[in-house]
Amino acid sequence: MSIRKGFIKFVANQKNMKKFSFLLIFSLLLFTACKKDHVDATSTQTLQSSINDMTSSLPTIKQIKFNEALYILKTFGVEADGDVNELKALGKLINGKKVPEILTMADQVAQKNGIEWASTAPPSLGEMNIFGDEKAKESDSNDVKASSLSIITRPSADDGNGATAIQIIPRLVDNAGNPVAFTGAGLEATLEVFSNGVRLSTAKNLMQDNNFKGFNLKFSSLLASKVVDNKIDITVSVKTTAKTFKMSKIGLDVNPSALKVPAPPKVDSTAVNQDPAVIDPNNPTTTVPPTGTTDPAATTTPAAPKQPVADPKNTVTKFLNNVSSQNLKAAFDASNNPNWGSYESFSNPTSGFGSVKNVSVKNISSNATNPNNASVNATYDVTDKNGKTTSLKVTFGLKNVNGDWKISSYKINP
């Protein structure tokens, strides 16, 4: 009897084990089926979750290259300001894509931007995390210890009529100004180009070591109409894990003959625009002269433009006082200068008048004045928010706008 009971118990245990194994296998299959093999950019959470699923299914080396590819696409493959907006733009770019497609896209973006990176090459960018984990780790190659950033600039690509480009090379340096040695990093380097306070272009690249080739700025990429006095200002920033280093150079010369000049619009010389005669419905035998023709008997003298009453020096004085007190809206309203662009460009705290802490005026004098235009010379000291003071001699051009003097040009003299 006991042998029979034991046999029944053994059979029951075997059935329970098979049932348990089946449930275990089913659970594993269910878990595997839930893991995504493509990007789901419905929200930031689903984006991160789907990327984590895709990453976890890869071998270790492939995981690193996949993260590098995502970083390349987020940094160079989309146009957006700020990490949050870049992440949203990245999600739209790669939504529904699988790992091989993303690696191919990253290869194309790297090649287009001249970045020495390939999905088939060994890991080279340190630890990349597109979701903003900036905490330094022991193995973080991007945690470069430096004191500041220096910039080397040199004209390049002389075609016989002068340089057609400028090479801009940033270097991370220590307290003594010596270059800091590092390798295997993926530091985001950004170049911004300005003229007369207006941003003309922005470029990005990856700084993997301190032998970085930098940026090759072609003058043909800059519109001649936007470059004032054939000079540009540049700002380079390099982002390490702990800090973003910035350095600017002001008043770099450009070759005006190499700047971009849009081709004039083509005009069809065979086309003649004529307005047909219009029949007066009240008198069918009489035609109304075509639009644009003038009846000599109906000629009227155009109204003379309103003449400014105030002295143009007053406009310049108020402008400088408003800049000094950082009442930048009033300063901007006193101008009509297309080279200053929008109010956002004008008041930019890095490249515009928003960087000014104080203005000390030494002298203001009228240079030339007629009813429609005026020229005013001003000598003053500008102190920026870093405490640096610069002495300037500036010629302000002004024009008559509905009876008010508006600043229309701004030239810094030697």
Side-chain angles (χ1 to χ4, degrees), residues 36 38-55 66-99 101-115 117 119 125-136 140 142-143 149 170 185-194 197-207 215 221 234-248 328 341-352 354-355:
K36 292 184 177 177
H38 63 275
V39 174
D40 179 1
T42 306
S43 66
T44 303
Q45 289 75 19
T46 59
L47 175 65
Q48 183 163 10
S49 175
S50 60
I51 286 176
N52 288 341
D53 284 349
M54 295 162 70
T55 303
F66 181 53
N67 286 329
E68 289 183 358
L70 291 170
Y71 178 77
I72 293 286
L73 292 174
K74 176 175 176 280
T75 307
F76 305 100
V78 296
E79 291 290 339
D81 291 327
D83 285 340
V84 174
N85 291 330
E86 284 182 350
L87 200 58
K88 288 180 180 178
L90 174 66
K92 291 180 180 178
L93 179 67
I94 63 175
N95 189 37
K97 297 290 191 293
K98 297 185 177 182
V99 173
E101 296 173 285
I102 291 172
L103 293 173
T104 300
M105 292 171 67
D107 280 325
Q108 294 169 348
V109 169
Q111 186 176 8
K112 179 182 177 182
N113 289 272
I115 300 167
W117 182 90
S119 62
L125 303 183
E127 294 192 17
M128 297 289 101
N129 187 339
I130 66 167
F131 295 105
D133 182 8
E134 299 291 344
K135 295 179 181 179
D140 190 349
N142 292 333
D143 188 23
L149 183 69
L187 308 182
E188 182 180 326
T190 303
L191 167 68
E192 295 176 287
V193 182
F194 304 87
V198 178
R199 183 164 59 182
L200 305 183
S201 69
T202 301
K204 290 184 179 182
N205 210 326
L206 280 181
M207 189 175 187
F215 301 89
S221 67
I234 61 169
T235 297
V236 178
S237 60
V238 174
K239 185 178 181 182
T240 68
T241 299
K243 184 177 180 180
T244 298
F245 295 91
K246 275 192 175 185
M247 180 68 182
S248 299
L328 298 179
S342 64
Y343 174 71
E344 287 70 24
S345 297
F346 175 86
S347 59
N348 189 288
T350 301
S351 60
S355 63

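Position 1 is the first residue of the sequence, and the numbers go up from there. Everything quoted here is computed from the prediction, not taken from an experiment.
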| task | Would you mind reporting whether Leu200 and Phe194 have side-chain heavy atoms less than 4.5 Å apart? | result | no
| said: Test of understanding: with side-chain contact (heavy atoms from CB on, under 4.5 Å), list the residues that count as partners of Ser345, not counting sequence neighbours. | reply: Ser342
| Carboxylate-amine/guanidinium proximity below 4.0 Å for Glu79 and Lys88 | no
| query | Which atom names give the shortest non-hydrogen contact between Leu328 and Ser347, and what distance separates them? | reply | CD1-CB, 3.7 Å
| query | Run the side chain to side chain contact (heavy atoms under 4.5 Å, CB included) check on Lys74 and Leu87 step by step: do they pass? | reply | CA-CA 7 Å; Lys74 176 175 176 280; Leu87 200 58; 4.2 Å; yes
| note | In this structure, OG of Ser43 is separated from CG of Leu47 (nearest 0.5 Å) by 8.0 Å
| said: If I take atom CG from residue Leu73 and atom CG from residue Leu93, how far apart are they, to the nearest 0.5 angstrom? | reply: 6.0 Å
| said: Determine whether a donor-acceptor pair (N or O, by modelled atom type, separation under 3.5 Å) exists between the side chain of Gln111 and the backbone of Gln108. | reply: no
| field | Non-hydrogen atoms of Pro349 and Ser355 that approach each other most closely | value | O-CB, 3.2 Å
| field | Value rounded to 0.5 Å, distance of NE2 in His38 from CD1 in Ile102 | value | 10.5 Å
| field | Short side-chain to backbone donor-acceptor contact, Thr244 and Lys239, under 3.5 Å | value | no
| field | Check: Ala185 main-chain N/O paired with Asn142 side-chain donor or acceptor under 3.5 Å | value | no
| query | How many angstroms lie between CZ in Phe76 and NZ in Lys112, if you round to the nearest 0.5 Å? | reply | 12.5 Å
| said: Test your reading of the model: is there a side-chain donor-acceptor pair from Thr75 to the backbone of Ile72, 3.5 Å cut-off? | reply: no
| Shortest non-hydrogen separation from Asn95 to Ala41 and the atoms involved | OD1-N, 2.9 Å
| said: Please report the interatomic distance CG(Leu187) to CZ(Phe245), rounded to the nearest 0.5 Å. | reply: 9.5 Å
| remark: Nearest heavy-atom approach of Lys246 to Ser237 is CG-CB, 3.6 Å
| Atom of Asp107, atom of Ser119 and distance for their closest heavy-atom approach | OD2-OG, 2.6 Å
| Can you tell me if NZ on Lys204 sees more than 12 non-hydrogen neighbours from other groups inside 6.0 Å? | yes
| said: Taking Thr46's backbone N and O only, do any of them form a donor-acceptor pair with Ser50's side chain (distance below 3.5 Å, no angle check)? | reply: yes
| request: Test Ile234 against Leu191 for side chain to side chain contact (heavy atoms under 4.5 Å, CB included), laying out the working first. | output: CA-CA 7 Å; Ile234 61 169; Leu191 167 68; 4.0 Å; yes
| field | Distance-minimising heavy-atom pair for Met54 and Lys97 | value | CE-O, 3.7 Å
